[in-house]
Amino acid sequence: MASFKLFLLPGDGIGPEVAGEVERIIDWFNMQGIARFEIERGLVGGSAYDTHGKAISEEDMARAQAADAVIFGAVGGPKWDKVPYDVRPEAGLLRLRKDLGLFANLRPAICYPALADASSLKRDAVEGLDILIVRELTGGVYFGEPKTITDLGNGQKRGIDTQVYDTYEIDRIARVAFDLARTRRNKVSSAEKRNVMKTGVLWNEVVTRVHAESYPDVTLEHVLADNCAMQLVRWPKQYDVIVTDNLFGDVLSDVAAMLTGSLGMLPSASLGAPDPKTHRRKALYEPVHGSAPDIAGKGIANPIAMIASFAMAMRYSFGLGDWATKIETAIANVLAQGLRTKDIAAGGEAAISTGEMGRAILGELKKA
Ligand code: IPM
Ligand code: MG
């Protein structure tokens with residue numbers, strides 16, 4: 001039986017609550033002998049700051065490096081609003097992405113039929129929606145230097161962030177997008193701001209070249225990132241795979257998430273380059289939503305994005321794509337049965353707890 005090392009970083013806020021529901025499913029997989037998952041647990045974000053004075057400890061970074069997959073909950077909260085910038089909760093997540101080389105962030109937005117009415121868009125616009133945002137995750141303005149605030153000495157300060165992309169960074173993320181498009185509806189939309197940004201000009205140039213050289217069978221279109229945002233709320237079904245940089249990807253994926261009914265629904269996978277010898281990719285799986293401090297500790301958070309993120313781990317890290325599909329089907333089934341957490345309950349519908357939703361999904365999975 002295949003055996004995998006999981007490193008669990010539940011984090012802050014609702015992170016531990018939704019991660020708990022994934023552990024329930026992992027325990028069941030272990031009991032059934034579907035695979036052998038060894039779980040280690042660590043601290044990240046505010047909870048790591050409270051214990052270690054930084055957003056992730058060196059020991060936990062080493063554990064993340066050694067794991068077959070990191071399962072990440074969420075970080076942040078008002079409690080840590082005033083901690084120094086370098087050790088703010090988000091720094092833990094950014095360091096994991098950067099040090100593990102997780103350059104490819106896959107954010108699928110699927111509108112489950114049962115939830116089409118929970119979307120802020122009309123049913124017609126979102127029913128059957130299935131798009132994939134491929135976000136570059138280790139470059140761009142998130143990591144570019146200089147990144148400073150300097151005192152100009154005249155009562156003014158200057159804040160600088162640097163957007164920087166090298167050819168190889170655009171080349172490799174474009175290839176991920178084209179490869180995935182071939183397994184779907186064979187279309188890639190590349191979003192940048194070439195009308196304003198030099199990185200956008202280069203992005204456009206490199207994606208065009210990669211397409212012509214290696215993927216002429218895939219349909220490629222270029223779209224300005226602002227127009228892409230508008231098109232996503234106008235008629236999202238025109239898209240299949242959207243490939244874009246770190247910052248635009250952050251924004252566009254939140255938009256895409258709401259199309260599906262709730263931010264509580266969107267999973268993500270962050271993948272590194274395959275190791276030349278083992279072909280293994282470093283990987284981190286996390287819901288797109290944040291730590292939702294306003295509802296933390298109440299047991300009402302939606303665990304679906306977290307559970308669907310684990311399904312992505314089954315597919316992309318463990319070679320258990322059949323079980324990934326079974327988890328996704330279990331999610332669709334509980335939604336079709338009318339089970340709703342608060343975030344996706346329409347006016348008047350009764351809401352169930354995080355634990356009830358997790359148990360219901362596991363119940364469906366057991367029937368698969
Ligand atoms: C995301 C989040 C992060 C980001 C934050 C928490 C640093 O918004 O994963 O989308 O900006 O990338
Ligand atoms: Mg975001």
Side-chain angles (χ1 to χ4, degrees), residues 9-16 18-19 43-49 54-56 64 69-81 83-109 131-144 147 161-163 165 169 173 191 225 228-229 232 242-260 262-272 283-294 296 301-302 305-306 308-310 312-313 343:
L9 287 171
D12 310 320
I14 62 169
V18 293
L43 295 174
V44 68
S47 56
Y49 177 81
K54 53 203 285 199
I56 185 162
V70 178
I71 309 294
F72 186 99
V75 288
K79 181 178 173 200
W80 303 283
D81 275 352
V83 308
Y85 185 80
D86 287 352
V87 292
R88 72 200 187 287
E90 290 77 8
L93 175 58
L94 296 176
R95 176 154 181 220
L96 282 161
R97 290 175 179 172
K98 190 70 177 172
D99 286 11
L100 269 54
L102 308 174
F103 70 91
N105 185 215
L106 280 40
R107 299 190 158 186
I131 61 181
L132 175 64
I133 297 188
V134 176
R135 169 187 178 195
E136 200 291 324
L137 203 61
T138 50
V141 76
Y142 273 62
F143 298 100
K147 197 177 196 49
D161 289 291
T162 306
Q163 164 90 344
Y165 272 108
E169 297 176 284
I173 194 71
C228 184
L232 269 176
I242 297 173
V243 63
T244 190
D245 77 13
N246 205 343
L247 183 61
F248 293 141
D250 181 42
V251 176
L252 294 176
S253 61
D254 265 30
V255 175
M258 265 325 284
L259 302 176
T260 69
S262 162
L263 212 45
M265 300 295 299
L266 214 71
S268 90
S270 305
L271 307 175
L284 179 147
Y285 297 88
E286 59 166 322
V288 170
H289 63 69
S291 60
D294 51 323
N302 185 350
M306 184 80 247
S309 299
F310 186 69
M312 293 186 84
D343 56 311

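Atom set for the values below is all heavy atoms of this structure, side chains included, hydrogens, waters and symmetry mates excluded. Counting convention: from 1, in listed order, for ligands and their atoms alike. One is the number of the first residue; the rest follow in order along the sequence.
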Ranked by distance from atom 4 (C) of ligand 1, the top protein heavy atom is Tyr142 OH, 3.4 Å
Contacts of Asp254 that satisfy salt bridge (charged side-chain N to carboxylate O under 4.0 Å, His left out) - sequence neighbours left out: none
Residues Ser262 and Met258: closest non-hydrogen pair is CA-SD, 4.1 Å
Nearest heavy-atom pair of Pro89 and Val75: which atoms, and what distance? O-CG2, 3.9 Å
Just heavy atoms, cut-off under 4.0 Å: does Arg107 contact ligand 1 by side chain, backbone, both, or neither? side chain
Which pair of non-hydrogen atoms, one from Pro287 and one from Met306, has the smallest distance, and what is that distance? CD-SD, 3.7 Å
One pair to check against side chain to side chain contact (heavy atoms under 4.5 Å, CB included): Ser47 and Asp12. What are the steps and the verdict? CA-CA 6 Å; Ser47 56; Asp12 310 320; 3.3 Å; yes
Ignoring hydrogens and angles, tell me if any N or O in the side chain of Arg97 forms a donor-acceptor pair with the backbone of Leu94 under 3.5 Å. no
Please confirm whether Arg135 comes under 4.0 Å of ligand 1, counting heavy atoms of the residue only. yes
Starting from atom 5 (C) of ligand 1, what is the nearest protein heavy atom, named by residue and atom, and what distance separates them? Glu90 CG, 4.3 Å
Protein N/O/S atoms closer than 2.8 Å to the Mg ion (ligand 2): Asp250 OD1
Taking every non-hydrogen atom, the tightest pair across Leu96 and Ala64: CD2-CB, 3.6 Å
For Asp250 and ligand 1, does the shortest N/O to N/O distance drop below 3.5 Å? yes
For ligand 1, the portion of Arg97 having any non-hydrogen atom under 4.0 Å away: side chain
Please check if the side chain of Asn246 supplies one atom and the backbone of Leu137 the other of a donor-acceptor pair under 3.5 Å. yes
Val141 and Lys147 have their tightest heavy-atom pair at O-NZ, 2.9 Å
